[in-house]
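Given the structure is predicted, the values throughout are model-derived calculations rather than measurements. When reading the values below, keep in mind they use all heavy atoms of this one structure, side chains included, and skip hydrogens, waters and symmetry mates.
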Amino acid sequence: MAKSKLEINQKKLSLLFEEIDESSIIVIKGHLLIEESLNKIIETFVHHSEIIQKARFSFSQKIVIAKSMSLSQSNNSIWTIIEKLNTLRNDFAHRLSSSTRQDKIEKLIELLKTEIGDKEDGNIDLTDQNTALGSVIGLCLGFLSSFEEETDRFRLLINHMDKVVNK
């Protein structure tokens, strides 16, 4: 007798949770933190964040918007890392398995190595995939944190100008 679709799907679900994929957790949760930072940057930069929130921009669109707001870092190579991380996150989020996933992970780690170059801390084991992915997330968040500070200073300046001009 043939298995029902329910039995087949239950078996797939059981197999899916037999092993926890730490890389997927790191990438998906790290992606959320990066998106949160992009949201803060965009919302701080605009005058009416409640309006921009309604637009429901995709992650890729948020990257483009944030890059366009940057005074001096719009061509920084970390934007490419953020874009590649988004591609990897989409792979994890939309496919149970992928023939290109490992290549995407290795490309991200290579970009990290290129970015940190000789600045590499001897305490970071980039041969461990999950540690390297965590370092990619950390690098991106560090970059975006400085950008958040830049937008905070911009907002303070705009608020001051508004008070002076519109007494």
Side-chain angles (χ1 to χ4, degrees), residues 3-46 49 52-70 73-121 123-148 151:
K3 289 186 178 183
S4 72
K5 294 206 181 283
L6 176 60
E7 290 173 316
I8 292 168
N9 284 332
Q10 285 175 331
K11 180 65 175 172
K12 285 180 182 178
L13 181 63
S14 176
L15 290 171
L16 180 67
F17 289 111
E18 277 183 0
E19 184 179 312
I20 301 299
D21 182 354
E22 290 182 32
S23 295
S24 67
I25 293 169
I26 292 166
V27 169
I28 291 171
K29 288 188 173 188
H31 185 275
L32 285 171
L33 290 171
I34 291 169
E35 186 164 24
E36 185 177 271
S37 184
L38 289 170
N39 288 339
K40 287 178 186 175
I41 289 164
I42 294 166
E43 291 170 10
T44 300
F45 201 89
V46 300
S49 62
I52 202 106
Q53 290 169 356
K54 291 177 186 176
R56 300 179 45 91
F57 292 116
S58 70
F59 189 89
S60 294
Q61 290 169 323
K62 291 174 186 180
I63 294 170
V64 171
I65 293 167
K67 280 173 69 171
S68 75
M69 294 174 173
S70 177
Q73 299 298 315
S74 62
N75 293 318
N76 192 302
S77 57
I78 296 178
W79 291 114
T80 300
I81 294 174
I82 294 171
E83 291 165 350
K84 297 289 184 192
L85 181 69
N86 185 47
T87 301
L88 178 60
R89 178 264 176 206
N90 288 341
D91 193 295
F92 277 116
H94 300 290
R95 292 174 197 80
L96 290 176
S97 63
S98 166
S99 61
T100 61
R101 184 172 296 156
Q102 191 58 40
D103 289 340
K104 290 175 184 176
I105 291 170
E106 290 169 11
K107 177 65 175 165
L108 259 177
I109 294 170
E110 285 306 312
L111 289 170
L112 171 67
K113 288 177 181 176
T114 300
E115 190 64 38
I116 62 176
D118 293 334
K119 299 177 276 190
E120 181 178 342
D121 183 344
N123 298 325
I124 300 174
D125 179 12
L126 296 181
T127 61
D128 177 71
Q129 178 173 295
N130 291 333
T131 301
L133 286 171
S135 296
V136 167
I137 303 291
L139 177 72
C140 295
L141 288 172
F143 170 73
L144 291 174
S145 294
S146 67
F147 192 6
E148 280 185 58
T151 57

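The nearest pair of heavy atoms linking S74 to W79 is O-CD1, 3.7 Å. Between E7 and S4 the shortest heavy-atom distance is OE1-N, 2.9 Å. Minimum heavy-atom separation, S24 to F92: CB-CD2, 3.3 Å. Shortest non-hydrogen contact noted between A132 and L112 is O-CD2, 3.7 Å.
In this structure, T151 and M69 have side chains that are not in contact, with every pair of non-hydrogen atoms separated by 4.5 Å or more. Counting only heavy atoms from C-beta outward, the side chains of L88 and L133 approach each other to under 4.5 Å. Looking at heavy atoms from C-beta onward, D91 lies out of side-chain contact with V27 at the 4.5 angstrom threshold. I105 is listed as a side-chain neighbour of Q102, based on a closest heavy-atom distance under 4.5 Å. The shortest side-chain heavy-atom distance between L111 and K107 falls under the 4.5 Å cut-off. In this structure, E148 and T44 have side chains that are not in contact, with every pair of non-hydrogen atoms separated by 4.5 Å or more. At a threshold of 4.5 Å between non-hydrogen side-chain atoms, the residues I25 and N130 do not count as touching.
Once rounded to the nearest 0.5 Å, the distance linking OG of S70 with NZ of K67 reads 10.0 Å. Between atom CG of residue L108 and atom CD1 of residue I82 there is a gap of 11.0 Å, rounded to the nearest 0.5 Å. Interatomic distance, CZ of R89 versus CD1 of I26, reported as 16.0 Å (0.5 Å rounding). Put simply, CD1 on I109 and CD1 on I81 are 11.5 Å apart, with the number rounded to the nearest 0.5 Å. Separation of atoms CD (Q61) and CZ (R56) is listed at 11.5 Å; rounding is to 0.5 Å. Note that CD1 of I78 is 12.5 Å distant from CG of L85, once rounded to the nearest 0.5 Å.
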Quiz item: Taking it one step at a time, do H31 and E36 satisfy side chain to side chain contact (heavy atoms under 4.5 Å, CB included)?
Solution: CA-CA 9 Å; H31 185 275; E36 185 177 271; over 6 Å; no
Self-check item: Audit row: I42, F57, side chain to side chain contact (heavy atoms under 4.5 Å, CB included) steps and yes/no
Solution: CA-CA 11 Å; I42 294 166; F57 292 116; 5.7 Å; no
Self-check item: Residues L38, I65; criterion side chain to side chain contact (heavy atoms under 4.5 Å, CB included); working and verdict
Solution: CA-CA 9 Å; L38 289 170; I65 293 167; over 6 Å; no
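Counted within 6.0 Å of CG on L96, heavy atoms from surrounding residues, nucleotides or ligands total 12 or fewer; the atom is thus considered open. By the 6.0 Å contact criterion, CD on E22 is open, its count of non-hydrogen atoms from other residues, nucleotides or ligands being 12 or less.
Side chain of R101 to backbone of R95: a donor-acceptor contact under 3.5 angstrom is found. Here the side chain of T87 pairs a donor or acceptor atom with the backbone of E83 at under 3.5 angstrom.
Under 4.0 Å is where a charged nitrogen must lie from a carboxylate oxygen, and between K84 and E110 no such pair does.
Listed by chain and number, the residues in a salt bridge (Lys or Arg N to Asp or Glu O under 4.0 Å) with E43 amount to none (sequence neighbours excluded). Applying the salt bridge (Lys or Arg N to Asp or Glu O under 4.0 Å) test to K62 and every residue at least two apart in sequence or in another chain returns E35.
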Could you list the donor-acceptor pairs under 3.5 angstrom formed by side chains in residues 138-147, with sequence neighbours left out?
{"unit_1": "S145", "atom_1": "OG", "unit_2": "L141", "atom_2": "O", "d": "2.7"}
{"unit_1": "S146", "atom_1": "OG", "unit_2": "F143", "atom_2": "O", "d": "2.8"}

